[in-house]
There are 2 protein chains.
Amino acid sequence: MPTPERTSYPAIIAAAREILEENGPAGLTMQAVATRVGVRAPSLYKRVKDRDALIAAVAEAVVDELTVRLENAGDDLASLALVYRAHAYAFPEGFRLMFTASAPLASLDRAAAPVIRAASALVGEAEALDAARLFTAWATGFLQMELSGAFRLGGDVNQAFDYGLRSIIAGLRRPSGAS
Amino acid sequence: MPTPERTSYPAIIAAAREILEENGPAGLTMQAVATRVGVRAPSLYKRVKDRDALIAAVAEAVVDELTVRLENAGDDLASLALVYRAHAYAFPEGFRLMFTASAPLASLDRAAAPVIRAASALVGEAEALDAARLFTAWATGFLQMELSGAFRLGGDVNQAFDYGLRSIIAGLRRPSGAS
DNA sequence: ACCTGAACACCGTTCAAGT
DNA sequence: ACCTGAACACCGTTCAAGT
């Protein structure tokens with residue numbers, strides 16, 4: 001006699017995301033997730049391979065949500081930068097996961113598409129990939145440093161973000177940036 | 001009767017660093033460190049508060065070593081970028097720790113000094129901090145993405161690094177980058 | 001077919017007892 | 001004064017037994 005399903009894969013991922021943002025990576029235990037979805041820990045293994053896979057799925061969910069936001073943003077680098085930053089603020093713990101080893105690299109490729117499009121509009125198709133990597137690396141590094149509290153030497157962090165964004169765009173506009 | 005010391009704080013940190021690079025964060029257990037320094041796990045707590053403090057100390061050691069390398073490098077951003085990248089390649093796991101929550105922020109401040117000096121030479125003292133943050137954010141993000149295998153869309157990664165470096169310097173040279 | 005209690009291995013940490 | 005075995009709490013994971 002089939003037992004009715006008492007939870008689901010999406011419910012588990014959503015619960016894990018909440019717990020991660022509330023209690024950090026150390027608080028993201030199988031027990032905590034199971035309790036939140038109303039099940040016992042061993043039952044999770046019916047839908048998730050193990051804790052690493054669960055974490056990877058959470059990272060993928062965060063990236064996929066970012067992708068949607070990027071696709072609905074303005075198609076210039078400045079708009080994408082603001083959306084990216086807002087997403088990092090909204091899910092700081094999830095953001096940290098995005099570029100971790102077990103992260104879902106395929107979903108990152110999808111998130112990259114709008115960035116490459118905006119870069120292409122600025123520097124042309126030949127340089128678009130290099131330019132997108134410059135922009136993404138800067139934004140990712142900046143947000144990670146900002147979220148981890150690494151900006152401790154004074155100064156206005158918002159202004160530093162604007163400065164970086166404007167300098168990068170200015171540098172890309174220069175033909176000397178070509179390969 | 002005092003028992004002779006069978007290990008030391010530096011030996012513990014060095015062992016932890018080796019284990020981290022060999023086996024990753026999950027392999028960095030108190031047991032593994034204790035075994036490597038020739039002691040039992042409980043003895044580690046005489047010199048280290050707990051595992052988090054041990055990890056933070058490892059991160060600090062990696063940052064301090066980077067600081068020495070930066071201080072001995074050429075005092076322009078291109079030289080600093082190469083040194084930074086070489087350090088990330090040499091200690092990829094340690095590099096990941098540098099901007100983690102429990103990371104040693106004070107030691108990061110010391111590593112920032114040579115970068116700010118090089119930035120100041122390029123854009124002047126007033127913009128030096130903003131420019132240093134642009135450069136550091138880009139380099140950090142780029143290396144993190146490179147080490148995590150996030151560059152999957154083809155293209156030459158070394159060329160992308162050069163392109164990013166040259167574009168940033170070109171953008172900083174422009175007066176329009178000023179605040 | 002899914003869920004659970006029980007069990008196992010492993011880890012971080014504490015502490016009384018050794019020297 | 002440092003080191004250790006023993007113990008505890010906690011966690012990830014497996015699995016036979018339930019429905």
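All values derive from a computational prediction rather than experimental measurement. No hydrogens, no waters, no symmetry mates; every other heavy atom, side chains included, goes into these values. Residue numbers start from 1 in every chain, and the chains themselves are labelled A, B, ... in the order their sequence lines are given, proteins ahead of strands.
- Among the nucleotides dG12(C), dT4(C), dT4(D), the one closest to the side chain of P42(B) is dT4(D).
- Looking at the side chain of R6(B), the nearest of the listed nucleotides dT13(D), dT13(C), dT4(D) is dT4(D).
- No single ILVMFWY cluster, assembled from side-chain heavy atoms under 4.5 Å apart, contains both I116(B) and L70(B).
- Distances from the side chain of M30(A) to the nucleotides dT13(D), dC2(C), dC2(D) place dT13(D) closest.
- As the counterpart of dA9(C), no nucleotide is assigned, since no Watson-Crick or G-U wobble pattern has both distances under 3.5 Å.
- In this structure, the CZ atom of R47(B) is 19 Å from the C1' atom of dG12(C), given to the nearest Å.
- Rounded to an integer number of Å, the gap from CD1 of I55(B) to C1' of dC11(C) is 13 Å.
- Relative to the side chain of Y45(A), the nucleotides dT13(D), dG18(D), dT13(C) differ in distance, and dT13(D) lies closest.
- The residue among T29(A) and P4(B) whose nearest nucleotide of DNA chain D lies closer to the 5′ end is P4(B).
- Proximity note for R40(B) (side chain, C-beta onward) versus dG5(D), dG12(C), dC3(D): the nearest is dG5(D).
- Among the protein residues, S8(A) comes within range of no part of the nucleic acid, since none of its heavy atoms lies under 4.0 Å from any strand.
- Scanning all heavy atoms of the two residues, the minimum distance from L165(B) to A81(B) falls at CD1-CB, 4.0 Å.
- Closest contact between the side chain of E5(A) and the listed nucleotides dC2(C), dT13(D), dT4(D) involves dC2(C).
- Residue R51(A) places at least one side-chain N or O under 4.0 Å from the OP1 or OP2 atom of dG12(D).
- Using modelled atom types and a 3.5 Å distance limit, the side chains of T67(B) and D64(B) yield no donor-acceptor pair.
- Atom CG of D50(B) and atom C1' of dA9(D) are 16 Å apart (whole Å).
- Residue contacts for S43(B): at a heavy-atom cut-off of 4.0 Å it reaches a base atom on one of the strands shown.
- Note: F161(A) and W138(A) meet the aromatic proximity criterion, with ring centroids under 6.0 Å apart.
- Figure legend. dA16(D) is base-paired to dT4(C); pairs are counted as Watson-Crick or G-U wobble with both atom distances under 3.5 Å.
- Side-chain atoms of Y84(B) and T140(B) form a donor-acceptor pair, as typed in the model, at a separation below 3.5 Å.
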